[in-house]
Amino acid sequence: MNKIYYFDHAATTAVDEEVLKAMLPYFSYSYGNPSSAYTIGRKNKMAIDLARQKVANSINANQKEIYFTGCGSESDNLALKGVTFASNKKARHIITTKIEHHAILNTCKTLEEMGVEVTYLNVDREGKISLQELENAIRESTILISVMTANNEIGTIQPIKKIGEIAKSHKVLFHTDAVQAIGNMKIDVDEMNIDLLAMSAHKFYGPKGVGALYVRNGVEFKEIQDGGHQEKGKRAGTENVAGIVGMGKAIEKAYINIDEYNKKMIELREYCIEKLQSNISNLKINGSRDDRLPGNINISFLGKESIELLLKLDERGICTSAGSACNSDSTSPSHVLMAIGLTDEEAEGTLRITLGKENTKEDIDYLISSIMEII
Ligand SMILES: *Cc1c(COP(=O)(O)O)cnc(C)c1O
């Protein structure tokens with residue numbers, strides 16, 4: 001097999017070898033149902049709770065506040081619908097942003113069809129919301145503020161702590177989609193006044209098909225799936241034991257060396273950006289230069305079609321993304337790039353490069369010389 005040069009870590013990551021090893025027994029001899037009373041069942045329940053503790057530790061939560069789900073999208077659905085359905089207010093209002101992932105935006109659409117009112121905050125050219133606009137949007141009927149920690153396309157990190165303070169001072173709940181942020185930055189749910197937080201294992205070298213939702217103790221939310229009593233009645237369905245164990249291992253590993261990892265990612269990112277800028281004219285780096293995920297590069301090649309560039313890079317074994325992976329099968333320009341004010345032409349020429357632990361400087365040299373050849 002030819003070498004793959006993988007620069008799409010915001011779309012997904014490869015399962016870490018140690019994570020895979022930790023998961024393997026749960027596909028074979030450790031097959032007991034965690035709800036069963038005999039030993040091989042109870043042992044699996046313990047394995048889940050150990051993973052729960054690891055997830056909780058990574059965000060300074062209590063293990064009782066962690067609910068395992070099937071993915072980041074499910075966690076977002078459960079947060080928004082769960083809080084809305086638990087509210088007994090007559091009029092219900094949610095505040096979110098124009099640059100959220102579709103797991104949030106489409107959930108809001110569904111809630112709007114049910115009579116919930118939603119405000120979509122604007123962002124500036126860097127992709128940041130205005131705290132003043134947020135505060136002005138809060139009403140008597142506001143039940144929830146949902147702002148993503150970091151954006152999956154442009155990598156911009158929002159002022160989460162300040163948003164948490166505003167939410168708290170108005171007694172409104174605060175949910176954050178931290179799917180891109182977990183494993184790439186430190187998050188403390190107490191210090192940041194976060195009430196609910198969504199994450200997904202496959203974004204930090206864990207397996208696909210498992211996520212978690214943090215819900216602060218005392219926050220009321222209703223289950224959205226009926227069935228058995230798993231996850232304290234909040235998420236019915238026999239637990240994905242192997243996936244949950246893998247998620248626990250992956251999150252533990254991600255935070256052991258986070259400072260070192262981030263330093264390496266930022267070095268590679270800056271190396272890549274500088275090399276691009278000095279070798280290619282007519283390009284524009286999108287998003288914030290300061291408040292940005294360490295491994296995110298989002299560039300518009302003016303006058304180019306990024307989808308063509310992506311396909312030609314693919315022929316050379318290089319994986320990148322045009323805008324966002326979730327948009328790769330649609331031709332409409334990314335809602336995020338539109339919200340930060342790019343022209344259609346700029347948006348069409350936009351390529352996302354997201355770095356990860358297996359990338360090296362040599363890989364980046366190959367990427368850049370390939371881009372130069374194609375352009
Ligand atoms: C990937 C992603 C999701 C969805 O997570 P899945 O586990 O793929 O469902 C949600 N929000 C953001 C910001 C993401 O990057």
So with a 6.0 Å cut-off around [atom1] of [X], is the heavy-atom count from everything else above 12?
| X | atom1 | answer |
| --- | --- | --- |
| Y271 | OH | yes |
| K232 | NZ | yes |
| E220 | CD | no |
| K89 | NZ | yes |
| E373 | CD | yes |
| K312 | NZ | no |

- Message: Walk me through whether S146 and L80 qualify under side-chain contact (heavy atoms from CB on, under 4.5 Å).
- Response: CA-CA 8 Å; S146 180; L80 267 57; 3.8 Å; yes
[X] versus [Y]: any side-chain heavy-atom pair under 4.5 Å?
| X | Y | value |
| --- | --- | --- |
| S370 | I318 | yes |
| D344 | M338 | yes |
| T320 | L367 | yes |
| F85 | I224 | yes |
| L144 | L196 | yes |
| R52 | K64 | no |
| L309 | E305 | no |
| D16 | K253 | yes |

Donor-acceptor pair, side chain of [X] and main chain of [Y], under 3.5 angstrom:
| X | Y | result |
| --- | --- | --- |
| Q230 | G237 | yes |
| H335 | E100 | yes |
| Y26 | G243 | no |
| D363 | T360 | yes |
| T176 | A178 | no |
| N298 | E153 | yes |
| R292 | S288 | yes |
| S75 | A198 | no |
| E267 | N262 | no |

[X], [Y]: one ILVMFWY side-chain cluster at the under-4.5 Å cut-off?
| X | Y | result |
| --- | --- | --- |
| L213 | I104 | yes |
| I375 | I297 | yes |
| V241 | I40 | no |
| V179 | I258 | no |
| M265 | I256 | no |

- Message: Pairing donors with acceptors under 3.5 angstrom, does anything connect the side chains of Q180 and N184?
- Response: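 On atom types as modelled, these side chains do not qualify, holding no pair under 3.5 Å.
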- Side-chain donor-acceptor pair under 3.5 Å between T350 and S300, yes or no? yes
Would you call [X]-[Y] a salt bridge at under 4.0 Å N-O?
| X | Y | answer |
| --- | --- | --- |
| D49 | K45 | yes |
| E18 | K249 | yes |
| E348 | K304 | no |
| D190 | R216 | yes |
| K186 | D259 | yes |
| K284 | E346 | yes |
| E270 | R289 | yes |

- Message: Please verify the inter-ring angle class for Y366 with Y5; under 30° counts as parallel, over 60° as perpendicular, anything in between as tilted.
- Response: tilted
- Item | Aromatic plane relationship, Y67 with F221 - under 30° parallel, 30 to 60° tilted, over 60° perpendicular |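 Taking Y67 first and then F221, their aromatic rings stand perpendicular (interplane angle over 60°).
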Gap between atom [atom2] of [Y] and atom [atom1] of [X] - 0.5 Å precision:
| X | Y | atom1 | atom2 | value |
| --- | --- | --- | --- | --- |
| S73 | L78 | OG | CG | 12.5 Å |
| N296 | R269 | CG | CZ | 8.0 Å |
| N279 | I371 | CG | CD1 | 10.5 Å |
| T39 | N44 | OG1 | CG | 11.0 Å |

- Are K357 and Y205 in a cation-pi contact, defined as NZ or CZ under 6.0 Å from the six-membered ring centre and within 45° of the axis?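 K357 over Y205 ring: yes.
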- Query: Which one of K81, H101, H175 satisfies the side chain to side chain donor-acceptor pair (under 3.5 Å) criterion with D76?
  - Reply: H175
- Task: Could you list the residues that satisfy ring-ring contact (aromatic ring centres under 6.0 Å, His included) with F68, not counting sequence neighbours?
- Result: none
